[in-house]
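Okay, structure first, notes after.
Positions are given from 1, in the same order as the sequence printed here. Whatever order the structure lists ligands and atoms in, that order sets their numbers, starting from 1.
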Amino acid sequence: MELNLVMLGPPGAGKGTQARQLRRAFDIPHISTGAMLRDAVQAGTPLGREVGAIMESGGLIDDEVITRVVTERLAHPDTSGGFLLDGYPRTIRQAEALDRIVAGRAPLVIIDIVLTEAEVIRRLASRMVCAECGTNATGEGDVCHDCGGPLVPRADDREQVVVNRLEVYRNQTEPLVRYYGGRSTYCRIDGARLPDDVTADIVRAVESATRDGGQGGSGPGSGIRDPETS
Ligand code: AMP
C-alpha cells in the first residue's frame, strides 16, 4: 500500500531524526529537500550555485525552483510505494503544488511535530552534524556514529540565522497548519520528548490515519492534539 508522508515542524523539531527512523519502519524513501540542496551546493551544480547564499542566510529558496526539484524526485520509480517528504512543503504555494503533484496517488499523511520556540533555540544551539555524511550527531563523542567523520556545527545554525529561520517558519510555514489542519490525515505530535517516544507516537498516528482516515489516533496519551484546541 502506498504511504505518502509529509513532515512538518520548526527547524530542530526532530524531522530529520524521525524521518530516518520512519524510513526504516515503513520502508519508503526519505526525501529531504534541505539535504538535496546541501548536496547541490557541495557539488557546485548550477542549482547549488543559485541557492547557496540564500540557504546560508536562513531564507527560503524560490517556490518554483524547489517544486521542480521535488517534482523530478517524486517521479522516480522508488516512490511507487510511497515517500517521506522532509522540508517540503514550506509555503502555501508549495503545498498547493504538492497537492497537484500527488493528485491520483494515495492521500498525504501529514505529521506535524510541535515544539516551543524556546526549545527550538536550545536544541539548535547545541546541534552538531557530520561534516562527511550530514547526519545529525547523537549521543557522546566527537565523531559520527554512522561513518566516523568529524562533527561540526551546521552552517545555518548560527544564532542570527536561527532567528531568521524561525521567523521564516512562523510567517511562511506555520500557515500550513491551517492548510492541512482540517484533513483527517493531519496528525499533531508532541516533539518535546525522547526521540523513540516521538517515533512510537508517529507510527501509531500513521497507522490510525491510514486505517480509518485519521479519526482514531487523537485520544489522550496518543501525543496527538486537535489543531483547534492547542
Ligand atoms: P532544512 O535542512 O530542511 O532545514 O533546509 C535547509 C535550507 O534549505 C532552508 O533553510 C532553505 O534555505 C532551504 N530549503 C529546504 N527546503 C526548502 C523548501 N521546501 N523551500 C524553500 N527553501 C528550502
Donor-acceptor contact below 3.5 Å, side chain Glu132 vs main chain Gly148: no
Distance from atom 12 (O) of ligand 1 to nearest protein heavy atom, with residue and atom: Gly59 O, 2.5 Å
Where ligand 1 meets Arg165 - atom numbers and elements under 4.0 angstrom, heavy-atom basis: 4 (O)
Shortest protein heavy-atom distance from atom 8 (O) of ligand 1, along with the residue and atom involved: Met55 CE, 3.4 Å
Numbered atoms and elements of ligand 1 in range of Ile66, under 4.0 angstrom, heavy atoms: 18 (C), 19 (N), 20 (N)
Arg38-ligand 1 polar pair, N/O distance under 3.5 Å: yes
Best match, Leu37, Ile61, Thr33: closest heavy atom to atom 14 (N) of ligand 1: Leu37
Test log, rule side chain to side chain donor-acceptor pair (under 3.5 Å), inputs Tyr180 and Thr185: CA-CA 8 Å; Tyr180 287 125; Thr185 51; over 6 Å; no
Sidechain-backbone polar pair: Gln94 side chain, Arg90 backbone, donor-acceptor under 3.5 Å: yes
Glu174 atom CD: more than 12 heavy-atom contacts under 6.0 Å: yes
Nearest-neighbour protein heavy atom for atom 20 (N) of ligand 1, which is reported as residue plus atom name and distance: Gln94 NE2, 2.9 Å
Polar atom proximity, Tyr88 to ligand 1 (N or O, under 3.5 Å): no
Minimum side-chain heavy-atom gap Val69-Met36 below 4.5 Å: yes
Ligand 1 N/O within reach of Asp86 N/O, cut-off under 3.5 Å: no
Gap between atom CD of Glu167 and atom CZ of Arg170 - 0.5 Å precision: 6.0 Å
Polar side chain donor-acceptor pair, Gln21 to Thr199, under 3.5 angstrom: no
Donor + acceptor pair across side chains of Tyr179, Asp99 (<3.5 Å): yes
Winner among Arg90, Lys15, Met36 once heavy atoms are compared against atom 4 (O) of ligand 1: Arg90
For Gly87, atoms of ligand 1 separated by under 4.0 Å from a heavy atom: 16 (N), 17 (C), 18 (C), 19 (N)
